[in-house]
Amino acid sequence: MMAAIREEEHYCRKCGRAITRDEAAVTKKLINRGTTSYYCAGCLADAFDVRTEDIWEKIKYYKEIGCTLFDNINV
Ligand SMILES: [Zn+2]
């Protein structure tokens with residue numbers, strides 16, 4: 001199955017920072033797959049009371065297990 005790759009601009013709902021596709025994807029994982037509100041890694045960490053590094057670790061983990069929300073891997 002081909003995943004359409006679109007460059008959409010998302011901004012953190014809390015701090016307004018432009019966020020990456022990975023941050024948008026992890027927001028969906030952590031909050032709700034259908035969410036239209038996105039948060040940067042720092043604000044997600046705040047919301048879940050974890051460290052920002054933990055959020056990046058989750059992103060790495062989901063990519064490793066091949067989560068389809070993280071289908072556009074360009075690191
Ligand atoms: Zn933020």
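In this text the structure is predicted, and so the values were computed from the model without any measurement. Counting starts at 1 for both ligands and their atoms, in listed order.
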Is the ring pair Tyr62/Phe70 parallel, tilted or perpendicular, if the boundaries are 30 and 60 degrees?
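Aromatic pair Tyr62/Phe70 classed parallel.
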
So, using side chain to side chain donor-acceptor pair (under 3.5 Å) as the criterion, who are the partners of Tyr11 when residues are at least two apart?
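Result, side chain to side chain donor-acceptor pair (under 3.5 Å) vs Tyr11: Glu9.
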
Side chain to side chain donor-acceptor pair (under 3.5 Å) partners of Asp46, counting only residues at least two apart
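Residues passing side chain to side chain donor-acceptor pair (under 3.5 Å) with Asp46: none at all.
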
Could you pull out all residues at least two apart from Arg17 that satisfy salt bridge (Lys or Arg N to Asp or Glu O under 4.0 Å)?
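Result, salt bridge (Lys or Arg N to Asp or Glu O under 4.0 Å) vs Arg17: Glu23.
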
Taking side chain as C-beta onward, heavy atoms only, is Ile31 less than 4.5 Å from Phe48?
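SC-SC contact between Ile31 and Phe48 confirmed.
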
Kindly give the heavy-atom pair with the smallest separation between Ala25 and Leu69, and that separation in Å.
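Scanning both residues, the minimum pair turns out to be CB-O, 3.5 Å.
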
Please list, in chain and residue-number order, the protein N/O/S atoms closer than 2.8 Å to the Zn ion (ligand 1).
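Within the sphere that stays under 2.8 Å of the Zn ion (ligand 1), the protein atoms of type N, O or S are Cys12 SG, Cys15 SG, Cys40 SG, Cys43 SG.
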
